[in-house]
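The structure appears right after this line, and notes come after that.
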2 protein chains.
Amino acid sequence: MKSVDTPTNCMQCPLRSSLFESLGRKELSCVHLNKREVVMEPGEQLVRSGDKITHFLYLQSGLLKLFTESDSRREQIISISRPRDFVGLLNIFSDTHHRYSMSAITDVRFCMIEVDCIKQLVDNNGFFARELLKNMSIAVDHILKDSYNLRSLQMHGRVAYVLYELSTEIFGSTGFELPLSRKEVGQMVGVSTENVIRVMSEFRQDGIIRIEGKKIYVLEPERLRLLTIRG
Amino acid sequence: MKSVDTPTNCMQCPLRSSLFESLGRKELSCVHLNKREVVMEPGEQLVRSGDKITHFLYLQSGLLKLFTESDSRREQIISISRPRDFVGLLNIFSDTHHRYSMSAITDVRFCMIEVDCIKQLVDNNGFFARELLKNMSIAVDHILKDSYNLRSLQMHGRVAYVLYELSTEIFGSTGFELPLSRKEVGQMVGVSTENVIRVMSEFRQDGIIRIEGKKIYVLEPERLRLLTIRG
DNA sequence: TTTGGAGTATGATAAATATCATATCGCTTA
DNA sequence: TAAGCGATATGATATTTATCATACTCCAAA
């Protein structure tokens, strides 16, 4: 983890979340003064479950994974955070310590705002609070939707689900560099590494995707989509 | 659904949530004037997914289930709401329509407070907003914890998990009346009805539980607990 | 009282998936 | 350059679980 030399001015941050629209000049400058801006490399871990929650994280660029690590064999990935997400927002108001671990999947850049600063904003600015509730609500919806969609699918559908979401929601393109290993895909959807590999090979043989090293090209998005709903 | 004849006065409600501690006399009386108090019988459905969200629900007594009903064969139970829970809190700030359906499992009694009233409280009272965030956070934690614990277990562990949670968290007793059918237990944890029955029979044969009609007695809580962590 | 249906129960079988074994590829490090 | 390691790949086998079939029980409606 490395602090950025020339941090962005929050007042004119191009990535500024709608969350901060409700803040006045004074409040925003408080955020600006209480934040750090940081970059990390792929694989670096920024939070270990059990760590004290000190900062509120706003992801500017790159991808992070939230995961459990009770047992390395059974590591499970809870969700992937994307640019403009508030990472780990879910439990900063109910816990003092992080419940999940976080690692950088790609190069990432994010802001760290002190939790107390955020809590003060909530207390003093109802509109901000409501935006935060909304934001949290959306994050939860997303995790629950994935969780319950996946539960009704078997392995082909599950692997298809990951590939389809990466293509449509994360990268917005039929061709992209797979940021996850086969093992990590398996940890996201509850399928063994070998079977993730097998299923991806089948998709390749069936002409649904093309695999070139780390690059994935979705050749038949519609077939992939159908797999995510019918299994 | 039947309105209660003599609704409780919010100002002296014995079940009043900590959420409302931060409200002044005036705000609380606003809640009181904008609420209905309602009872329902087991099996009655109070929300169908897709319905407009009009009220904020506070469960006074009984149990409710939140579930998806895309396909009756694949109905999944998301969570069980308990007394003092804010039911369906998760998406009232991000959606205009309910995402999940809700039914009464037992006889239930709850308050319905207009959503606009709650939103106003959030806007005007930062402490209330923060309590709400905390409440929501806890609800989410619970759902996620269950979801990810269950995923690492296979069927014996999953069934044990439900029985153990009912015993320790919902009823706080080793003997209780099972409020769910075997089918519903299966829909909670992703196991077929037949296998739920089979596993419960095995637990009975192994002396872990005793089954007397709808009554379940947990004879060996520790063995049940071990099953929920080691599978 | 009978009857039908849903819930519970148990065995047999089929399907899905994990696990084990082995091989290859690409990359880093000695 | 070689050695070693982790990721990918594929086949064979074992395990887990769903599904199908068949009873039995209990309760509510005819």
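Each chain gets a letter, A, B and so on, in the order the sequences are listed, and its residues count up from 1.
Atom CZ of residue Arg182(A) and atom CD of residue Gln187(A) lie 14.0 Å apart, to the nearest 0.5 angstrom. Annotation: the span from Lys215(A) atom NZ to Arg210(A) atom CZ amounts to 10.5 Å, rounded to 0.5 Å.
Of the listed residues (Arg225(A), Arg82(A), Lys145(A)), just one forms a salt bridge (charged side-chain N to carboxylate O under 4.0 Å, His left out) with Glu165(A), and that residue is Lys145(A).
Among the atoms of the strands shown, none is found under 4.0 Å from any heavy atom of Gly186(B).
dC20(C) atom P lies 13 Å from atom CZ of Arg198(A), rounded to whole Å. Note: CG (Asn195(A)) to P (dA14(D)) measures 17 Å, nearest angstrom. Rounded to an integer number of Å, the gap from Gln205(B) CD to dA9(C) C1' is 11 Å.
Sorted by residue number, the members of residues 151-166 of chain B with any non-hydrogen atom under 4.0 Å from DNA chain D read Gln154(B), Met155(B).
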Show every donor-acceptor pair shorter than 3.5 Å between a side-chain atom in residues 49-56 of chain B and any protein atom, with sequence neighbours excluded, or say none if there are none.
unit_1   : atom_1 : unit_2   : atom_2 : d
Asp51(B) : OD2    : Arg48(B) : N      : 2.9

Per-pair distances, 0.1 Å, donor-acceptor, side chain in residues 136-144 of chain A, under 3.5 Å, sequence neighbours excluded:
unit_1    : atom_1 : unit_2    : atom_2 : d
Ser137(A) : OG     : Leu90(B)  : O      : 2.3
Ser137(A) : OG     : Ser94(B)  : OG     : 3.3
Asp141(A) : OD2    : Ser94(B)  : OG     : 3.2
Asp141(A) : OD2    : Arg99(B)  : NE     : 3.4
Asp141(A) : OD2    : Arg99(B)  : NH2    : 3.3
His142(A) : NE2    : Glu169(A) : OE1    : 3.2

Tyr161(B) vs Leu150(B), side chain to side chain contact (heavy atoms under 4.5 Å, CB included): CA-CA, chis, key distance, verdict:
CA-CA 8 Å; Tyr161(B) 195 94; Leu150(B) 284 169; 3.8 Å; yes
Stepwise, does the side chain to side chain contact (heavy atoms under 4.5 Å, CB included) test hold for Leu64(B) with Ile80(B)?
CA-CA 6 Å; Leu64(B) 287 174; Ile80(B) 305 284; over 6 Å; no
Please evaluate residues Glu37(B) and Thr8(B) with respect to the criterion side chain to side chain donor-acceptor pair (under 3.5 Å), reporting the C-alpha separation (whole Å), side-chain torsions for both, the decisive distance (0.1 Å), and the verdict.
CA-CA 8 Å; Glu37(B) 213 165 328; Thr8(B) 315; 2.7 Å; yes
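In this model, no donor atom of one side chain and acceptor atom of the other lie less than 3.5 Å apart for Gln76(A) and Thr68(A). Side-chain contact of Tyr100(A) with Asn91(A): a donor-acceptor pair under 3.5 Å is absent, judged by distance alone. Counting only N and O atoms by type, the side chains of Ser147(B) and Ser147(A) include a donor and acceptor under 3.5 Å apart.
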Which letters describe nucleotides 4-9 of chain D, given B = protein heavy atom under 4.0 Å from base, S = only from sugar-phosphate, - = neither?
----BB
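Taking 4.5 Å as the limit, some side-chain heavy atom of Val108(B) sits within range of a side-chain heavy atom of Thr106(B).
In this structure, Tyr58(B) has its ring center closer than 6.0 angstrom to the ring center of Phe86(B).
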When you compare the protein's N or O atoms with those of nucleotides 23-30 of chain D, which come within less than 3.5 Å of each other, and at what distance?
none

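The bend of the helix from dT1(C)-dA30(D) to dA30(C)-dT1(D), defined by the angle between the axes of its first five and last five pairs, stands at 30° to the nearest 10°.
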